[in-house]
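A quick write-up on the structure given underneath.
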Amino acid sequence: MVLCVLSVLGPLGTYVREQSNTAALQRKVAAAGEEKERLAGAVKRWDDPSFVGAQARDRLHYVLPGETGYVVLDLPDEPDDDSSPTVPVDDRDALAEVGDAPTAGHDDAWYGRLWTSVEAAGQR
């Protein structure tokens with residue numbers, strides 16, 4: 001009788017471990033499927049011309065014909081009066097939480113990075 005119980009315990013333990021591993025892998029597959037759906041939704045947003053235009057305006061600082069574009073280079077650290085609240089210029093963490101693409105500040109704009117690389121190349 002003891003021999004019979006011992007011969008069943010080994011395979012039974014293996015079965016329980018494999019079931020646990022299978023459940024963990026199924027949870028990973030479900031999470032990957034949700035991530036895939038979220039990313040597919042983010043890609044699908046690029047099919048909307050108004051979204052593409054908004055991204056071009058925010059990220060590349062493009063303007064429509066007839067508009068005048070402005071880039072503020074020196075933002076004050078403190079507001080002039082105490083009545084206006086301080087608002088962060090570039091809050092990537094808050095934007096990432098709601099799933100929006102981060103807007104580029106003037107330091108991250110393509111022309112800012114280009115000019116920085118030109119200056120760095122001239123110093124060598």
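As a basis for the values below, the full set of heavy atoms in this structure was taken, side chains included, without hydrogen atoms, waters or symmetry mates. Since we're looking at a predicted model, the values are computed, not measured.
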Between S7 and C4 the two heavy atoms that sit nearest each other are OG-O, 2.8 Å
Are Y111 and Y62 connected into the same hydrophobic cluster when the rule is that any two of I, L, V, M, F, W, Y join if their side-chain heavy atoms are below 4.5 Å apart?
yes
Of all heavy-atom pairs linking T116 and G112, the shortest is OG1-O, 2.8 Å
Could you note down all residue pairs passing side chain to side chain donor-acceptor pair (under 3.5 Å) where residues 9-33 supplies at least one of them, sequence neighbours left out?
T14-R17
Might you point out which heavy atoms bring L64 and R57 nearest each other, and give the distance in Å?
CG-NH1, 3.2 Å
Looking only at heavy atoms, what is the nearest atom pair of T68 and V63, with distance?
C-CG1, 4.4 Å
Salt bridge (Lys or Arg N to Asp or Glu O under 4.0 Å) partners of E35, counting only residues at least two apart:
R38
Rounded to the nearest 0.5 Å, how far does CH2 of W110 lie from NE2 of H61?
10.0 Å
